[in-house]
Amino acid sequence: MITTFFRKSTLINYAFSVLLLIFFFTFSQFNASTSVLNSNTIYEKALTIIVLLSSLFLVNFIVKKNGLTKNSSYAIFFFVLYLALFPSIFGNLKLLMANFFVILAIRRMISLQTLKSPKEKIFDASLWIFIASLFHFWCILFLFVIYVSIIFHVSRDYRNWLIPFIAIGTGAIIFVLFSLIFDQTWILHSIKQTEMNFQWDYFVNNYKKIALTLFALFGIYFVFSMIFTVGNKPLVLQASYKKMIVSFFIGVLVFLFSPDKSNAILVFTFLPLAVLSTNNIEYSQNKTYQEIVLFTVAIITITTYFFNL
C-alpha cells in the first residue's frame, strides 16, 4: 500500500513529496500570517520555498549518489514529514539557510569515502559549516563530523587535520572584511549568537511539548535501531551510517546550546534522521512492519502539524 508507492523512485514520487512540502509551507503561512504582504515579505517567502525545495532535492541527491538508501523515495518523504512536525520552521528563513549549508557540508563528508580530492572536500565542508554558523552560530559544532570523517578515511595525512582551521580562518577573514565595509553590526550579531541557553521555558502550548516528545521518540527508535544494526550493513556504507548517527547527535547539541531555543532548531537533525528512518524500513523483510512504521510516522506527524498551527 503506502510503502509500495514510496518504494519506487519515479517522477510521481518526487512530485508527491514536492507538492506535500509546498502544501505544508503554504498552509502554515496562510495560518500564521498577520502582516500585510509587501515586496519584502513576498521575496522572503519565495526565498524560503526555494531553500526548502533545494534542501529536499539535495537530500535526494545525497542518498542516491552515495547509496545510503535503496532506489526509493522514502528519504525525501521522511524529510518532509519531519519538517511538518514543527511548522514554525517554515517561517524561519535563517534556520533553513543554515540547515541548507550544513547539508552541503554533510554531502562533502559522505563523499570523502571515495578518497578522491579529500583535501578539497574537507576544505569545502568546513567552509560550508562556517557559512552555516553565520546564520546560526552553533552549527559550528558540525566541525566534529568533519574530524570523524577524517578519522575514518584520511587520518594518516596530518595536513588534513589542519584544513578545517584554514577554511574557518579564511571564511572569518572574508566575513570580517565585508562587515567592516558594509555593516559592522554583523560582527556584533555573530558574537551575540555565541551565547548558550539550557532553559526549557520556550513552550507556548502543550502541542509543542507533544511534538517535541514525539520527535524524541522517533529519534530514539530509529537512531538506536541503526546503532545496534550498523555492523550488519554493507561494509562500504558503515562509515557513512556512522557519520549520520554522529550528525544526528550534533544536531541535538546545536538545539541544546542555542540561546533562542525553539523546536525549529531540530531541523539540523532531519537529514540524518530521514536516512536512518529509511534504512529501518528498507532493511526490514516484514512488509507489515514497514507499513505500520511508515503509516504511524505519517499520521502522527500530519496530525501534530495541524494542532501546532
Side-chain angles (χ1 to χ4, degrees), residues 9 14 51 53-76 79 97-134 139-174 226-227 229-251 268-276 278-279 282-283:
S9 183
Y14 296 139
V51 173
L53 292 175
S54 299
S55 299
L56 185 67
F57 287 120
L58 188 56
V59 168
N60 184 67
F61 175 81
I62 292 171
V63 298
K64 293 292 189 296
K65 181 72 173 180
N66 298 283
L68 297 178
T69 64
K70 298 179 181 178
N71 190 29
S72 69
S73 55
Y74 290 127
I76 57 175
F79 187 75
M97 290 290 292
N99 185 56
F100 177 73
F101 289 114
V102 167
I103 293 175
L104 285 173
I106 292 177
R107 167 183 170 266
R108 297 299 274 172
M109 286 300 92
I110 295 297
S111 65
L112 190 61
Q113 65 183 358
T114 64
L115 301 181
K116 295 180 180 179
S117 305
K119 291 178 175 58
E120 288 84 348
K121 291 177 180 178
I122 295 172
F123 184 89
D124 290 348
S126 303
L127 195 57
W128 288 136
I129 289 174
F130 173 77
I131 295 174
S133 71
L134 296 179
C139 289
I140 203 73
L141 293 175
F142 278 96
L143 285 173
F144 183 76
V145 181
I146 294 180
Y147 281 104
V148 169
S149 301
I150 292 173
I151 292 172
F152 283 157
H153 306 295
V154 289
S155 60
R156 294 184 179 180
D157 190 341
Y158 74 92
R159 291 172 295 182
N160 293 327
W161 297 85
L162 302 176
I163 292 175
F165 293 101
I166 297 173
I168 296 297
T170 302
I173 291 172
I174 296 174
M226 176 59 78
I227 290 175
T229 60
V230 67
N232 299 326
K233 299 294 188 290
L235 186 62
V236 69
L237 294 176
Q238 288 184 16
S240 296
Y241 291 140
K242 290 175 183 177
K243 293 175 198 175
M244 286 296 169
I245 294 171
V246 173
S247 296
F248 176 83
F249 285 113
I250 294 298
F268 302 109
T269 65
F270 292 174
L271 165 60
L273 189 58
V275 172
L276 301 180
T278 299
N279 274 266
E282 288 185 335
Y283 280 90

Among all residues two or more places apart in sequence or in another chain, which pass the ring pair (Phe, Tyr, Trp, His ring centres under 6.0 Å) test with Tyr283? none

Using the side-chain hydrogen bond (donor to acceptor under 3.5 Å, both in side chains) criterion, which residues pair with Asp124? Sequence neighbours excluded. Arg108

Taking side chain to side chain contact (heavy atoms under 4.5 Å, CB included) as the test, write out the residues that go with Tyr14, two or more places apart. Ser9, Asn60, Lys64, Ile76

Heavy-atom count around Phe152 CZ within 6.0 Å, excluding the residue itself: above 12? yes

Run the side-chain hydrogen bond (donor to acceptor under 3.5 Å, both in side chains) test against Ser54 and tell me which residues pass, sequence neighbours left out. none

Would you please name every residue forming a side chain to side chain contact (heavy atoms under 4.5 Å, CB included) with Leu141, sequence neighbours left out? Trp138, Ile250, Leu253, Val254, Phe257

Those residues at least two apart in sequence (or on a different chain) that pass side-chain hydrogen bond (donor to acceptor under 3.5 Å, both in side chains) with Thr114 are Lys121

Can you list every salt bridge (Lys or Arg N to Asp or Glu O under 4.0 Å) pair that touches residues 139-149, not counting sequence neighbours? none

Taking side chain to side chain contact (heavy atoms under 4.5 Å, CB included) as the test, write out the residues that go with Ser55, two or more places apart. Val51, Phe79, Phe100, Ile103

Residue set satisfying side chain to side chain contact (heavy atoms under 4.5 Å, CB included) with Thr269, at least two apart, ordered chain then number -> Phe215, Phe248, Val252, Leu266

Which heavy-atom pair separates Gln113 from Val236 by the least distance, and what is that distance? OE1-O, 3.2 Å

Can you see which heavy atom on Ala98 is nearest to which on Ala132, and at what distance? O-CB, 3.4 Å

Non-neighbouring partners of Lys119 that pass salt bridge (charged side-chain N to carboxylate O under 4.0 Å, His left out), sequence neighbours left out: Asp157

Does Glu282 have any side-chain hydrogen bond (donor to acceptor under 3.5 Å, both in side chains) partners at least two apart in sequence or in another chain, and if so, which? Ser72

Please check if any side-chain donor atom of Thr229 sits under 3.5 Å from a side-chain acceptor atom of Lys233, or the reverse. yes

Under the ring pair (Phe, Tyr, Trp, His ring centres under 6.0 Å) test, which residues partner Phe268, sequence neighbours left out? His136

